[in-house]
**Student:** 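Mind having a look at this structure? Questions to follow.
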There are 2 protein chains.
Amino acid sequence: MLSERQKQIIIESINVIDALGIQGFTIKNLAKAINLSEAAIYRHFKSKTEILCAVLDNFISISSDFLNSIRETDSGSLEKIKQIFEKLSANFSDNPAYVSIIFAEEIFKSEKMLSEKVGKILKRNNDVFNLIIEDGQKNNEIEKKVESQELTLMVMGAFRLMVKNWKMSDFSFDLKESSKKLFISIETLVKNNNF
Amino acid sequence: MLSERQKQIIIESINVIDALGIQGFTIKNLAKAINLSEAAIYRHFKSKTEILCAVLDNFISISSDFLNSIRETDSGSLEKIKQIFEKLSANFSDNPAYVSIIFAEEIFKSEKMLSEKVGKILKRNNDVFNLIIEDGQKNNEIEKKVESQELTLMVMGAFRLMVKNWKMSDFSFDLKESSKKLFISIETLVKNNNF
DNA sequence: AATGTAAGTAAGTATTCACTCACAAAATAA
DNA sequence: TTATTTTGTGAGTGAATACTTACTTACATT
């Protein structure tokens, strides 16, 4: 289990990366953010790589719980996608620093173990959407003229690009509102009307 | 104008960033890739930031020419999108290292000027797609139930995610084929059938 | 042949990096 | 109280960083 100090280090690491980029993520800057000596950091993590690893594991565990809880509900496929959009946009609005971590896979290129972990996150998210959409097609809820993998690309891709635009614009629009609007558009396009 | 040596430095910079990430993009590694001394680099660029700046300018000029040439043709909107998809996927297939640069906006966080430049690239690409889609809606070629900005998010977002997946999978599938498939799916969904 | 210049280098500079170590204070256990 | 463990620190380490300096070489122009 993670100690309180370790959790704090993870949170501040995300903040430092968000503010200064991966090049600004140094032990010195991290220690300054926590108001601790550099040496003290090493009482809680044995290396910088281990900190980055913990940052990713933290994200994996949070999003796993969330995705599983949605998959288990007995709502329809479109309703599930709507819930994912709502939850994710709410989370990012509350904690914008997370965006830097989640959409900047290149950050973790330094270590093979880290970039593999990121690859798995991306693949798992893809699989979750794909399963939901496949179910929707079987239930005649979602358009069947287009393969589920292509629909997944559009749904995930559009959401990711929206979040990226939000960040690049310095969070100048309401992400939750945009997210709602995007979902309605997606629903309009992919809903099966021939049934 | 850029000298031959400067062009070489730009190309090798892209290769180094692609291979080692932004953290591995050091003057030492760059010099090694060109087989030149570190000091010699500074005969051609006065700083590392200036090299990164040249890398971005190089990309801007290439893609500007390309996007403008497509916008000027008198093909339909969907045909234009198809051409963009074809051209981009062909370019990435020929020069995979470029993907690292174009989809890794975080690389350029170190300097404000660089990150602004990246923001402008993203916005311009968005505007190009948006204009094409708006035209298509006016001509009753593209579905009007969904706003053009939302369609733009889906088209650009899906394409970007496809390229990202390609890279994360170590280029394990044929990008040009996937791109073709994605376009057909998009066409199926957004084509106006009520006219 | 003499001169100017572009393009190169070896060997530095100062600074920053991740990380270590000897030791001290504080919390916990006996 | 005393002993032990946990958590902290200041002052280092060697390696790496971007960049500079003093100097050399290759070559074109006069």
Side-chain angles (χ1 to χ4, degrees), chain A residues 1-57 101 104 106-115 117, chain B residues 1-57 101 104 106-115 117:
Chain A
M1 263 318 287
L2 294 171
S3 68
E4 286 307 307
R5 194 57 109 187
Q6 284 176 314
K7 287 179 197 164
Q8 186 191 12
I9 290 173
I10 290 171
I11 290 169
E12 291 300 333
S13 292
I14 293 169
N15 288 333
V16 169
I17 292 173
D18 181 55
L20 306 172
I22 190 63
Q23 300 204 75
F25 177 55
T26 63
I27 300 297
K28 194 178 184 176
N29 286 336
L30 178 58
K32 207 189 298 168
I34 308 177
N35 201 23
L36 216 61
S37 73
E38 292 178 51
I41 304 284
Y42 288 90
R43 286 275 173 226
H44 304 278
F45 287 99
K46 73 176 184 216
S47 72
K48 190 178 159 181
T49 298
E50 240 194 27
I51 297 175
L52 286 169
C53 197
V55 166
L56 282 179
D57 284 335
I101 308 297
E106 283 70 18
I107 286 179
F108 301 96
K109 205 166 193 171
S110 51
E111 294 274 335
K112 205 175 181 187
M113 189 188 53
L114 295 177
S115 67
K117 215 164 241 188
Chain B
M1 263 317 288
L2 294 171
S3 68
E4 286 307 306
R5 193 58 109 188
Q6 284 176 314
K7 287 179 199 165
Q8 186 191 12
I9 291 173
I10 290 171
I11 290 168
E12 291 299 333
S13 293
I14 294 169
N15 287 334
V16 170
I17 291 173
D18 180 54
L20 305 172
I22 189 61
Q23 300 204 74
F25 177 55
T26 63
I27 300 296
K28 194 177 183 178
N29 285 337
L30 177 58
K32 207 187 298 167
I34 308 176
N35 202 23
L36 216 62
S37 72
E38 293 178 49
I41 304 285
Y42 288 91
R43 287 276 172 226
H44 304 278
F45 287 99
K46 72 175 185 216
S47 70
K48 190 178 157 181
T49 298
E50 238 194 27
I51 297 175
L52 286 170
C53 197
V55 166
L56 282 179
D57 284 335
I101 307 298
E106 284 70 18
I107 285 179
F108 301 97
K109 204 166 194 173
S110 51
E111 293 275 335
K112 204 174 180 187
M113 189 188 54
L114 295 177
S115 67
K117 214 163 241 188

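Since the structure is predicted, the reported quantities are computational estimates derived from the model, not experimental observations. Naming convention: chains lettered A, B, ... in sequence-line order (proteins, then strands); numbering from 1 in each chain.
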**Student:** How many angstroms lie between atom OG of B:Ser115 and atom CG of B:Leu56, to the nearest 0.5 angstrom?
**Tutor:**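 Rounded to the nearest 0.5 Å, the OG-CG separation comes to 10.0 Å.
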**Student:** Looking at A:His44, does any N or O in its side chain come under 4.0 Å of the phosphate oxygens OP1/OP2 on D:dT6?
**Tutor:** no
**Student:** Distance check needed: D:dG8 C1' versus A:Asn35 CG, whole Å only.
**Tutor:**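 After rounding, the reported distance stands at 12 Å.
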**Student:** Could you go over nucleotides 17-21 of chain D and give all protein N or O partners under 3.5 Å, atom names and distances?
**Tutor:**
| residue | atom | partner | partner atom | Å |
| --- | --- | --- | --- | --- |
| D:dA18 | OP1 | B:Lys48 | NZ | 2.7 |
| D:dA18 | OP2 | B:Ile27 | N | 3.2 |
| D:dC19 | OP2 | B:Tyr42 | OH | 3.0 |
| D:dC19 | OP2 | B:Lys48 | N | 2.9 |

**Student:** Only counting residues at least two apart or in another chain, list the ones meeting salt bridge (Lys or Arg N to Asp or Glu O under 4.0 Å) with A:Lys28.
**Tutor:**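 In terms of salt bridge (Lys or Arg N to Asp or Glu O under 4.0 Å), with neighbours along the sequence ignored, A:Lys28 is linked to no residue.
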**Student:** I'd like the 5' and 3' limits of the part of DNA chain C contacted by chain B, with heavy-atom contacts below 4.0 Å.
**Tutor:**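 Both ends considered, the range comes out as C:dA7 to C:dA10.
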**Student:** Excluding sequence neighbours, so at least two apart, what forms side chain to side chain donor-acceptor pair (under 3.5 Å) with B:Lys32?
**Tutor:**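 In terms of side chain to side chain donor-acceptor pair (under 3.5 Å), with neighbours along the sequence ignored, B:Lys32 is linked to no residue.
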**Student:** Could you tell me which residues satisfy side chain to side chain donor-acceptor pair (under 3.5 Å) with A:Thr26, sequence neighbours excluded, listed by chain and number?
**Tutor:** A:Asn29
**Student:** Can you name the residues that form a salt bridge (Lys or Arg N to Asp or Glu O under 4.0 Å) with A:Lys109, not counting sequence neighbours?
**Tutor:** none
**Student:** Return all side-chain donor-acceptor pairs below 3.5 angstrom for residues 38-52 of chain B, not counting sequence neighbours, or 'none' if the list is empty.
**Tutor:**
| residue | atom | partner | partner atom | Å |
| --- | --- | --- | --- | --- |
| B:Ser47 | OG | B:Glu50 | N | 3.2 |
| B:Lys48 | NZ | B:Phe25 | O | 2.8 |
| B:Glu50 | OE1 | B:Lys46 | N | 3.3 |

**Student:** Side-chain atoms of residues 8-24 of chain A: list all donor-acceptor pairs with protein atoms under 3.5 Å, sequence neighbours left out, distances to 0.1 Å.
**Tutor:**
| residue | atom | partner | partner atom | Å |
| --- | --- | --- | --- | --- |
| A:Gln8 | OE1 | A:Arg5 | NH1 | 2.8 |
| A:Ser13 | OG | A:Ile9 | O | 2.7 |
| A:Asp18 | OD1 | A:Ser100 | OG | 2.4 |
| A:Asp18 | OD1 | A:Lys167 | NZ | 3.2 |

**Student:** Looking at residues 5-12 of chain B, who's got a heavy atom less than 4.0 Å off DNA chain C?
**Tutor:**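 Those residues are B:Arg5.
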**Student:** For the CG atom of A:Leu36 and the CD1 atom of A:Ile27, what is their distance to the nearest 0.5 Å?
**Tutor:** 11.5 Å
